[in-house]
Amino acid sequence: MSIFLIAGISVVYILLLFLIAYLTEKQTDRKHRVVNNPYVYSLSLAVYCTAWTYYGSVGRAAEMGLGFLPIHLGPTILAPLFFLLLRKIILISKAQRITSLADFVSARYGKSTTLGAIVTLVLVLGIVPYISLQLKAIAFSIQILTKNPETPASVDTPFFADAALFIATALTFFTIIFGVRKLDANERHEGLVAAIAFESIVKLVAFLGVGIFVTFQVFDGFGDLFQQAARNPELQSLFTLQGVGLDGWSWMWLTIISMCAVLLLPRQFHMAVVENANPEFTQKASWLFPLYLFLINLFVFPIAIGGDMIFAGNPLIEADTYVLNIPLSFGSEWLALFVFLGGLSAASGMVIVSVISLSIMVSNNMILPVLLKTGRQDEGVYFNFFERFLGIRRLSVVIILFLAYGFYKILGVDYPLVSIGLISFTAVAQLAPAVIGGLYWKEITRKGILAGLLCGFIIWGYTLPLPALLESSDLPFSFIKEGLFGFSWLKPYSFFGDLGMSPVAHASFWSLFINILVTVVVSLYSRQDVEEIAQANFFVDFFKNSQDPTEYRSVPRKAKTTDIIDLLERILGVERAHELIQDFEKNIGHSSITEQEEANVQFINYAETQLAGSIGAASARIVSSSIIRQEPITLKEMIRMIEETKEIIDYSKEVELKSKELEKTANQLMAANDRLKELDQLKAEFINTVTHELRTPITSIKAFSKILLDNPELDEEKKDSFLRIVVSECERISRLINQVLDIRKLEKNTTDLHLQTLDLCEVAAHAYNGLHQLFEEKKITYSLSLPSTPVFIKGDRDRLIQVFINLLSNAIKFCDAEQGEVAIEVRRSHTLAVVEIWDNGIGIPVKDQKYVFEQFTQVLHKDRGKPQGSGLGLYISKVLIEMQKGSIRLESQKGSGTKFFVSFPLI
Amino acid sequence: MSDNSLTRRIVLFIFGFVLFNYPFLWLAGVEETGSPQAYYVAFSLWFLFIVFIWLAVEFGVPKNGKS
């Protein structure tokens, strides 16, 4: 294929990207811009799929079968947590105007410049080889299209004819124009987002195109492809894990590091967080992005085994190049050209976004802090700052891209695509404890993160890139096989012993394990400063606290308004600074902010946050420290703060105690209220009963009296009978009134008892004999059993007779209606005199027994209905007995009669 | 975000992590037979998991994200 055709199409394609980016940014209606939707956002996340996915996955599948999957399954597994994890990162980043991963880590741990610089260094070292891999992919794909497919790919092309150099130059221009045109990095680059989303569509369609071509054009569908592969023992082994040397642990660790990578790779952080237009887009992206990964991987395996069969016996054609070589070998040059554009999209998208992100980190977290700390804090440092700093950032872009190009020219040829990708993934995974831990654990300290990150990064360097670089250089380094200083446990590929895992899984396990362990241990034994505490609270409690970023600071700061405005103008430019001040005044609702001499704390925080958006949190802290005075905390203030804290703790404990007491009192009140309700109910029932009991005899008296009055001629016998009834009913009324009066007296404790020594047998016999008539009338079998000698107790004779009559009356009332039996027995039991009164009645259910001695209580019987009486007798009896130092209890079962036991101390 | 929505996502994440490790490899048959069916099973499970996420996200949480 002609190089001019390829070059022409490449230029047209890159111009098309420019056009898309330009038209998107030109759209005036911000709200309805094409990029402002979750579908474009999800497509922009597909920058995850680089040339590694595009070319390298096929290479990996041809070598390891389904071993290419974990890198894409990891993000799929993490996707359900996007709305939880990624959304929190986005909201925090928007609130603090965080513009890169290094800035995020630096801001979380007290805006530390050291931490920001180390994270930047880790990422540059981890990602630059990955960028070089993309350049290599583009250059090699051009070589494949222009030369004989069997010609080995080479990096020995002279500079002036090197396609990779031209591509790198074109990408540098694109990155500068659409990525770092403005200084305010927190403003989204919507043109860039549109171009990346477009590239994601192109690479997906191109890959699906070549997949369909191989599966349905070259072979006769999946069935035919797999059947033919199954006949080849070498290809069949690709379907097994054992055959390709990938064990379950390695599989698991690859999914874990790819989960970390999808959040922490600089390009992913940039597209997912910095370029995010709406945090709610993460919702849809949590299934759209995995769907994209699924589709782009659907034909990886068929292309790999198809290529293996097509190019069997031709070792010069590498599996990484199957996607291009298959269409070429079948004469489909236009398809091959389209596939090349897909690969160009995959590689350029990654390069552009990674370089933007790294350039922000390098300029904000490495170059600027050094300039600010070493430069004079006067006119010199800030002179023409806006233009100079933009120049620094653009220079960073050029340096990073050409570092990557240099890496490709020097070392790139011996690296398979996959190796560099996995090494980069493991490097960024070292940031997981700092980022994820920092979102949910307040106690992590800056020192802990620094120590953990350094340990993890050193182990990563020692176990992965170092041996890989030395092996590719063919230098005789014995420590790779024998271990450092001859210690076998220091062999890079079996660090701390051989666990039987792949080198990447082994390095991932040990670097992350040591990283997390050191972070936790150092954090537990080190302290946070005030800034760290404030930032930890802001990050961890983001959803709990007010989401106003100006309210999280606890330490008061002071600055002159004019100084702040001056600083904003110097760093952001006059026009932008005035726009921001106007926005602030609009938000707080008054326009006199510039007239105040001393700036209020909201304006100070606002200005610092805006500066952070342009130059990073750590650098913003350095520049603002020249004008913002943070009052030093004196010993006196420290003591006051401690006292206040102690007071708060004491107060909290007191409140906790009080609330427990209140809860207890509330429970008691509720119980008392229930009891009162119950008593009220009983009282109402009592009134009903008493009035009913009074009304019945009164009605009777009234009726008989009227008969006697209206009928003077009635015979004497009838008159006599009626008058007896009237007298009886009057006695009944009298008795009831006496009982009620007894209760009044008992309640007031005004009952007079005439205590004397008396014979209980005589008292019981008296009561018994007084009821003979009633026993006879009701045809009840009755008996009295007394001991042979008197039983002396101390008591009130009349009151005891009243008690026994009451108990016997109850026995008569409730004994069996047909064959009633009542018995009374007096006996001695140890030191007690006991009177038992028994009947063969229907008994009292166990559940009701506890109520029978309460006032106004009557047990209802279904078969007898409401019993006669006021429900006061047993209550009065119990009180009278207890006043004489006695006790009363009962034994009863439903249907088996009732036995009352009344006992007194013997004299 | 409500506890219910949070729990649903965490459960789905744990389910995915477990599914796509040993059970996934076992279900795909790669360790036992080396059958080409492994490819079909692997991608079917992957697609099924995406459907689960889709159901959980689109039908489990109101649009304002505050279920």
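What you see is a predicted model; the values in this text were computed from it and never measured. Every chain is numbered from 1, with letters handed out A, B, ... down the list of sequences.
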(request) For Phe83(A) and Val57(B), run side chain to side chain contact (heavy atoms under 4.5 Å, CB included): C-alpha distance rounded to whole Å, both residues' side-chain angles, the deciding distance at 0.1 Å, then the answer. (result) CA-CA 9 Å; Phe83(A) 194 65; Val57(B) 167; over 6 Å; no
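Contacts of Phe49(B) with chain A are made by side-chain atoms alone, with heavy-atom separations under 4.5 Å and no backbone atom involved. Using a 4.5 Å cut-off between heavy atoms, Leu288(A) makes no contact with chain B at all. No part of Ile305(A) comes within reach of chain B, as not one of its non-hydrogen atoms sits under 4.5 angstrom from that chain. Using a 4.5 Å cut-off between heavy atoms, Thr255(A) touches chain B through its side chain atoms alone. In this structure, chain A has no heavy atom under 4.5 Å from any part of Phe52(B). Of the atoms belonging to Ile256(A), it is side-chain heavy atoms, and not backbone ones, that fall under 4.5 Å from chain B.
Interatomic distance, Glu58(B) CD to Gln283(A) CD, rounded to the nearest 0.5 Å: 7.0 Å. With rounding to the nearest 0.5 angstrom, the CD1 atom of Ile77(A) is 11.0 Å from the CG atom of Leu12(B).
The number of heavy-atom neighbours closer than 6.0 Å to OH of Tyr39(A), taken from other residues, nucleotides and ligands shown, is 12 or below. Within a 6.0 Å radius of CZ in Phe47(B), no more than 12 heavy atoms belonging to other residues, nucleotides or ligands are found. Within 6.0 Å of CG in Asn232(A) there are more than 12 heavy atoms belonging to other residues, nucleotides or ligands.
Contact annotation: the side chain of Trp287(A) never approaches that of Val51(B) to less than 4.5 Å [non-hydrogen atoms, C-beta and beyond]. Between Arg9(B) and Phe82(A) there is no side-chain heavy-atom pair separated by less than 4.5 Å. Annotation: side chain of Phe13(B) is in contact with side chain of Met259(A) (closest heavy-atom distance under 4.5 Å).
Using the six-membered ring where Trp is involved, Tyr40(B) and Phe226(A) have ring planes that are perpendicular, over 60° apart on the 30 and 60° scheme.
Contact record, Ile50(B) with Pro290(A): CD1-O, 3.5 Å, taken as the closest heavy-atom pair.
Side chain of Trp46(B) to backbone of Leu69(A): no donor-acceptor contact under 3.5 angstrom is found.
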